[in-house]
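Scroll down for the structure; my scribbles are underneath it.
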There are 2 protein chains.
Amino acid sequence: MGEDIEKTEKMTAALKKAGIRVTRQRIALLAVLADADDHPDAEELHQRAKVLEPSVSLATVYRTLSVLEHEGVVHRHAFEGGGARFETTHEAHHDHILDVDTGEVVEFQSDKIEQLQEEIARELGYEVVHHRLELYCRKKTKKL
Amino acid sequence: MGEDIEKTEKMTAALKKAGIRVTRQRIALLAVLADADDHPDAEELHQRAKVLEPSVSLATVYRTLSVLEHEGVVHRHAFEGGGARFETTHEAHHDHILDVDTGEVVEFQSDKIEQLQEEIARELGYEVVHHRLELYCRKKTKKL
DNA sequence: AACAAGAATGATAATGATTCTCAAAGATAG
DNA sequence: CTATCTTTGAGAATCATTATCATTCTTGTT
């Protein structure tokens, strides 16, 4: 509950920090983002935001998402197939499992994998700036 | 050396298997693919193929790549930024390190990471169909 | 060698996601 | 209240990719 308000505040702060105005349209988008616990694409966010504020255009959705992404409060994911999908940045870093049948997204985190990645990069003379780990999965058929 | 011929033969076989003809234009593309040890995009492959066979169109490059991908002899990668990049399928599965400064691609493989992925998926009730692991890296500055 | 039937081709149009443009509407400071 | 600067929505532009389609190639059959 208060979670959403907190998230919204963080995003509002990010907009102000970026020196851009917190308008009616952007407020609607922030509310939608704070409320979303899935990983919607821009079109979907636009639909949801229009319920709260009919005057939001898709252009503004994209514009605002870009700002929020730059400020680091929203993450953009380019999963396989279709356009980018977004989520508000939360505490811990995590990677994603994608259900290839339903498109559903599950988050997971593995320090071990993370460490191994660093190690591998180091051995090849690199340091990891960021990474992308996506597991395209299918629900296990129980005792088929 | 003979490696390229081998690769070319594998791809030729794949085209035949798919029931499509091995034309002049496609032969040029196969040669380019067999020769490439980097990860070129469609435009780049088109440029290279035109040297061998000026009549290759970009459309044919895309068409043929799709066939080869379906037959499993070519892999398509959607790295961050820009269009898809391709490589001929070789023996072992591998993942990629991308130099964020140069765009260069380095391949690596880690059974440990692979295992961990399976484990994590299993625990969440999934089985991995395929995955994507990309490390966006920067060359380590030696003793800066 | 001529031929009919089907496949492949190149040029170009179409698509889909995203960004850009720009005139009009809105906010802000004085 | 006004001059200035920002944001807006609508639609044009862009980029990678795919689809369309009339024409050209192949190929197997005489």
Side-chain angles (χ1 to χ4, degrees), chain A residues 11-12 14-33 39-71 74-87 103, chain B residues 11-12 14-33 39-71 74-87 103:
Chain A
M11 289 189 279
T12 304
L15 291 184
K16 282 182 181 159
K17 178 157 162 288
I20 72 173
R21 291 177 187 162
V22 184
T23 63
R24 220 164 349 113
Q25 291 85 342
R26 306 224 229 235
I27 288 169
L29 177 60
L30 299 194
V32 166
L33 280 169
H39 297 66
D41 61 15
E43 197 72 55
E44 175 64 25
L45 289 169
H46 181 213
Q47 292 309 320
R48 295 185 195 174
K50 274 204 292 191
V51 176
L52 304 179
E53 172 54 59
S55 79
V56 195
S57 70
L58 185 55
T60 291
V61 170
Y62 274 114
R63 268 190 294 243
T64 308
L65 285 171
S66 291
V67 175
L68 294 171
E69 192 195 358
H70 266 109
E71 292 301 319
V74 156
H75 276 147
R76 174 192 302 251
H77 300 293
F79 298 135
E80 286 181 2
R85 296 169 66 171
F86 304 83
E87 71 174 324
Chain B
M11 290 190 277
T12 304
L15 291 184
K16 282 182 180 158
K17 176 157 164 288
I20 71 173
R21 291 177 187 162
V22 184
T23 63
R24 219 164 350 113
Q25 291 85 343
R26 306 226 230 234
I27 288 170
L29 177 61
L30 299 194
V32 167
L33 280 169
H39 297 66
D41 62 14
E43 197 72 55
E44 177 63 26
L45 289 168
H46 181 214
Q47 293 309 320
R48 295 185 195 174
K50 275 204 291 191
V51 176
L52 304 180
E53 173 54 61
S55 78
V56 195
S57 70
L58 185 55
T60 290
V61 170
Y62 273 114
R63 269 189 293 243
T64 308
L65 285 170
S66 290
V67 175
L68 294 171
E69 192 195 357
H70 265 110
E71 292 300 319
V74 157
H75 277 145
R76 175 192 301 252
H77 300 293
F79 299 135
E80 286 181 2
R85 297 169 65 171
F86 303 84
E87 69 174 326

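We use all heavy atoms of the structure for the numbers below, so side chains are in, but hydrogens, waters and symmetry mates are not. In what follows, every chain begins at residue 1, and chains take the letters A, B, ... in the order their sequences are listed.
Rounding to the nearest 0.5 Å gives a distance of 10.5 Å between CG of A:Leu45 and CZ of A:Arg85. Here the straight-line distance linking atom CE of A:Met11 with atom OG1 of A:Thr64 works out to 11.0 Å at 0.5 Å rounding. The CG atom of A:Leu65 lies 7.0 Å from the CZ atom of A:Arg76; values are rounded to the nearest 0.5 Å.
Remark: P of D:dT17 and CD of B:Glu44 are 14 Å apart, rounded to the nearest angstrom. Counting to the nearest Å, the P atom of D:dT17 and the CD atom of A:Glu80 are 14 Å from each other. As a whole-Å value, the separation of B:Leu65 CG from D:dA19 C1' is 17 Å. Counting to the nearest Å, the P atom of C:dA25 and the CZ atom of A:Arg21 are 17 Å from each other. Distance, A:Glu43 CD to C:dT15 C1': 14 Å, rounded to whole Å. As a whole-Å value, the separation of B:Arg85 CZ from D:dA16 P is 13 Å. As rounded to whole Å, 14 Å separates atom P of D:dT17 from atom NE2 of B:His46. In this structure, CG of B:Leu58 is placed 13 Å from P of C:dT9, rounded to the nearest angstrom.
Proximity of B:Thr23 to the phosphate of C:dT9: a side-chain N or O atom is located under 4.0 Å from OP1 or OP2. Side-chain nitrogen and oxygen atoms of B:Arg26 include at least one within less than 4.0 Å of the OP1 or OP2 phosphate oxygen of C:dA8.
Nucleic acid contact class of B:Gln25 (heavy atoms, under 4.0 Å, all strands): sugar-phosphate only.
Nearest-nucleotide positions on DNA chain D for B:Arg24 and B:Arg76 put B:Arg76 closer to the 5' end. Both B:Ile20 and B:Ala59 lie near DNA chain C, and the one whose nearest nucleotide falls closer to the 5' end is B:Ile20. Annotation: of the two residues near DNA chain D, B:Tyr62 and A:Val61, the 5′-most nearest-nucleotide partner is A:Val61. Closest-nucleotide positions on DNA chain C for A:Asp41 and A:Arg63 were compared, and the one nearer the 5' end corresponds to A:Asp41.
Judged purely by distance below 3.5 Å, without hydrogens or angles, the side chains of B:Glu87 and B:His75 never pair a donor atom with an acceptor atom.
Remark: side-chain polar atoms of A:His70 are paired, donor with acceptor, to backbone N or O of A:Ser66 under 3.5 angstrom.
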